[in-house]
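I have a structure I would like to understand better, so I am pasting it below and will then ask my questions one at a time.
Residues take their numbers from the sequence shown, with the count starting at 1.
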Amino acid sequence: QVRLVESGGGLVQAGDSLRLSCSFLGPTFSLYAMAWFRQAPGNERQFLATIAPGSGGTNYAAAVKGRFTISRDNAKNTLYLQMNSLKPEDTAVYYCAATDSLQDFLTSKWNSWGQGTQVTVSS
């Protein structure tokens, strides 16, 4: 429904930090719930974090809680994922996702996806 473009990935060492960005190319960004996912080679897509519309609440997967922070800048139509204390097991392609449907949000049905940005964490 809307185009999402991730950026900010790269090659880092364990313990380093990265901030990923997701540009939301469409209207009414503030009305969308947003999320971050990742997928490592050979693994299924893994949920990381969500943020509610506007300046709403956040939710995190246990694997990243306390290390990753999801945020949004509605004036810039941009979603962020701040990643600290990175580990080799964080290596994956990271995707952002969006929905403007409450029912889809509650059932984890994300209607728009970006193409992903690669994060590689060396030991």
Side-chain angles (χ1 to χ4, degrees):
Q1 299 190 149
V2 297
R3 187 182 178 195
L4 306 174
V5 181
E6 301 94 339
S7 62
L11 174 62
V12 298
Q13 288 191 308
D16 286 353
S17 297
L18 277 176
R19 189 178 74 163
L20 306 183
S21 298
C22 172
S23 295
F24 181 99
L25 305 180
T28 62
F29 170 64
S30 64
L31 301 182
Y32 280 74
M34 302 292 296
W36 286 100
F37 294 79
R38 69 186 180 191
Q39 187 167 20
N43 294 339
E44 295 185 344
R45 186 176 62 236
Q46 178 187 22
F47 162 77
L48 298 177
T50 59
I51 187 166
S55 57
T58 58
N59 188 51
Y60 297 91
V64 302
K65 188 175 179 62
R67 296 191 298 122
F68 291 11
T69 302
I70 187 171
S71 63
R72 65 196 299 159
D73 187 336
N74 291 329
K76 296 182 177 180
N77 280 19
T78 302
L79 175 76
Y80 301 101
L81 184 68
Q82 178 67 46
M83 306 186 296
N84 298 327
S85 302
L86 284 163
K87 306 173 181 179
E89 53 261 45
D90 294 320
T91 295
V93 177
Y94 284 69
Y95 300 91
C96 60
T99 185
D100 63 351
S101 165
L102 176 60
Q103 285 295 312
D104 287 350
F105 175 56
L106 294 175
T107 58
S108 193
K109 295 180 180 177
W110 301 93
N111 297 316
S112 299
W113 293 84
Q115 296 185 25
T117 185
Q118 176 72 47
V119 173
T120 302
V121 184
S122 63
S123 60

>> To the nearest 0.5 Å, what is the distance between OG1 on T78 and CG on L20?
In response: 12.5 Å
>> Does any part of the side chain of L4, heavy atoms only, come nearer than 4.5 Å to the side chain of L25, both counted from C-beta?
In response: no
> Who pairs with Q46 by side chain to side chain donor-acceptor pair (under 3.5 Å), at least two apart in sequence or on another chain?
Replying inline: R38
>> Run the ring pair (Phe, Tyr, Trp, His ring centres under 6.0 Å) test against Y32 and tell me which residues pass, sequence neighbours left out.
In response: F24
> Are the side chains of N84 and F68 in touch, meaning some heavy atoms are under 4.5 Å apart?
Replying inline: no
>> Do E6 and S21 make a side-chain contact, defined as non-hydrogen atoms from C-beta onward lying under 4.5 Å apart?
In response: no
> Does CD in E44 sit with more than 12 non-hydrogen atoms of other residues, nucleotides or ligands closer than 6.0 Å?
Replying inline: no
> If you look only at pairs with a residue in residues 51-63, which of them pass as a salt bridge (Lys or Arg N to Asp or Glu O under 4.0 Å), with sequence neighbours excluded?
Replying inline: none
> Restricting to pairs with a member in residues 14-29, which pass salt bridge (Lys or Arg N to Asp or Glu O under 4.0 Å), not counting sequence neighbours?
Replying inline: none
>> Can you list, by chain and residue number, the hydrophobic cluster partners of Y80 when the side-chain cut-off is 4.5 Å?
In response: none
Could you go through residues 101-112 and list every donor-acceptor pair under 3.5 Å that involves a side-chain atom there, pairing it with any protein atom two or more places apart or in another chain?
from, atom 1, to, atom 2, distance (Å)
S101, OG, Q103, N, 3.4
S101, OG, D104, N, 3.1
D104, OD2, N111, ND2, 2.8
T107, OG1, Q103, O, 2.8
T107, OG1, D104, O, 3.4
S108, OG, W110, NE1, 3.4
N111, ND2, T99, OG1, 3.1
S112, OG, Q1, N, 3.2
S112, OG, V2, N, 3.2

>> Both conditions, 6.0 Å and 45 degrees, for the charged tip of R45 above the ring of W113: are they met here?
In response: yes
> With a 4.5 Å limit on heavy-atom distance, are the side chains of L81 and L48 in contact?
Replying inline: yes
> Which pairs with one or both residues in residues 64-123 pass disulfide bond (SG atoms under 2.5 Å apart), sequence neighbours excluded?
Replying inline: C22-C96
> Can you list the residues that meet the side chain to side chain donor-acceptor pair (under 3.5 Å) rule with S85, with sequence neighbours excluded?
Replying inline: none
>> Taking ring pair (Phe, Tyr, Trp, His ring centres under 6.0 Å) as the definition, give me every residue that meets it alongside Y95, ordered by chain and number, with sequence neighbours left out.
In response: none
>> Please tell me whether I51 and F29 are part of a single hydrophobic cluster in this structure, the criterion being side-chain heavy atoms less than 4.5 Å apart.
In response: yes
>> Using 0.5 Å steps for rounding, measure from the CG atom of L86 to the CG atom of L18.
In response: 5.5 Å
>> Give me each pair satisfying salt bridge (Lys or Arg N to Asp or Glu O under 4.0 Å) with a member in residues 114-123, each pair once, sequence neighbours excluded.
In response: none
>> Quick test of your reading: applying side-chain hydrogen bond (donor to acceptor under 3.5 Å, both in side chains), list the pairs with at least one residue in residues 56-73, sequence neighbours left out, ordered by first then second residue.
In response: R67-D90, R72-N74
> Looking at OH of Y94 and CD of Q39, how far apart are the two atoms once the value is rounded to the nearest 0.5 Å?
Replying inline: 12.0 Å
Donor-acceptor pairs are to be reported for all side-chain atoms of residues 114-123 against protein atoms at under 3.5 Å, with residues two or more places apart or in another chain.
from, atom 1, to, atom 2, distance (Å)
T117, OG1, G9, N, 3.2
Q118, NE2, A92, O, 3.4
Q118, NE2, T120, OG1, 3.3
S122, OG, V12, O, 3.4

>> Side-chain heavy atoms nearer than 4.5 Å, only ILVMFWY residues, links allowed to pass through others: does that put M34 and F37 together?
In response: no
